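Computed from a predicted model, the values in this text were never measured in an experiment. Within every chain, numbering begins at 1; the chains are lettered A, B, ... in the order of the sequence lines, protein sequences first and strands thereafter.
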Amino acid sequence: EAAVTQSPRNKVAVTGGKVTLSCNQTNNHNNMYWYRQDTGHGLRLIHYSYGAGSTEKGDIPDGYKASRPSQENFSLILELATPSQTSVYFCASGDWWGGSYEQYFGPGTRLTVL
Amino acid sequence: GDSVTQTEGPVTVSESESLIINCTYSATSIAYPNLFWYVRYPGEGLQLLLKVITAGQKGSSRGFEATYNKETTSFHLQKASVQESDSAVYYCALGDQTNNNAPRFGAGTKLSVKP
């Protein structure tokens, strides 16, 4: 069973503070992703990684950094949090299955920036 | 560009009624689109509900089905008789295997099934 976990599940931060969201996968997948999901929008890709040591910009990377120190772990970092970054964040890992590419998602982290 | 548009929610139906959630896509830069429906139950992450990788084929899971129609660029999700446990948010997604493999998601449709 594919497993992706995220911590924390809920976070309240202050404007200008630093926030780190963590993601762990036990699927041994090379690829990992960070998305945010806002009302009225689909999941939007922030950063992704092809493997340990790699990070790539997604569609909306501004204001975010990412870190992939190992195959299992992928972090999203907000150096200076702003209220516009209040959202639900999803981490995913991905691999090929049955002729197509599938992603496995974590439960999400609800971030509120005051 | 590449995008997905789906039924704007929330949608409320009564148990045992039929359901259709519309999804249309635009895949101008994707040679071989794959289409997915994901579901997010309360308090859980997204789970893959069904996928279709070949135009003209139908996917099915848990009583839901969707047909990949290349002519109408649609991938509507249907179920003949919904149950209260189907209450969730449903996302249509367009797979792009040539671009970091991260699919394009629709905005999601929140479904509430009344007992």
Using every non-hydrogen atom in the two residues, find where F90(A) and L46(B) come nearest and quote the distance to one decimal. CE2-CD1, 3.9 Å

Should F74(A) and L76(A) be regarded as members of a common hydrophobic cluster, given that ILVMFWY residues are connected when their side-chain heavy atoms come within less than 4.5 Å of each other, either directly or indirectly? yes

CZ (R110(A)) with more than 12 external heavy atoms under 6.0 Å: no

Quick check: is V19(A) connected to V88(A) through a chain of hydrophobic side chains (ILVMFWY, heavy atoms under 4.5 Å apart)? no

Answer yes if I77(A) and I60(A) sit in the same cluster of Ile, Leu, Val, Met, Phe, Trp and Tyr residues linked by side chain heavy atoms under 4.5 Å apart, and no otherwise. no

Which region of R44(A), side chain (C-beta onward) or backbone (N, CA, C, O), has a non-hydrogen atom less than 4.5 Å from a non-hydrogen atom of chain B, or is it both or neither? neither

Output the distance between atom OH (Y104(A)) and atom CD (Q47(B)), rounded to the nearest 0.5 Å. 11.5 Å

G43(B) and P107(A) have their tightest heavy-atom pair at O-CB, 4.4 Å

Answer with side chain, backbone, both or neither: which region of E56(A) has an atom nearer than 4.5 Å to a non-hydrogen atom of chain B? neither

Find the one option among K51(B), E44(B), E8(B), K110(B) whose heavy-atom pairs under 4.5 Å with chain A are most numerous. K51(B)

Flag the pair Q37(A) / F105(B) as yes when at least one side-chain heavy-atom distance between them is below 4.5 Å, and no otherwise. no

CA sep, side-chain torsions, deciding dist, call: Y38(B), Q103(A), side-chain contact (heavy atoms from CB on, under 4.5 Å): CA-CA 10 Å; Y38(B) 284 84; Q103(A) 290 183 307; 3.9 Å; yes

Which answer fits L48(B), side chain, backbone, both or neither, if we ask what part of it has an atom under 4.5 Å from a heavy atom of chain A? side chain

Starting at CZ of R104(B), measure out to CG of L45(A) and round the result to the nearest 0.5 Å. 8.0 Å

Is there a path of hydrophobic side-chain contacts, each under 4.5 Å between heavy atoms, that joins L43(A) and I46(A)? no

Hey, any chance L35(B) and L19(B) share a hydrophobic cluster, counting ILVMFWY side chains that come within less than 4.5 Å of each other, even indirectly? yes

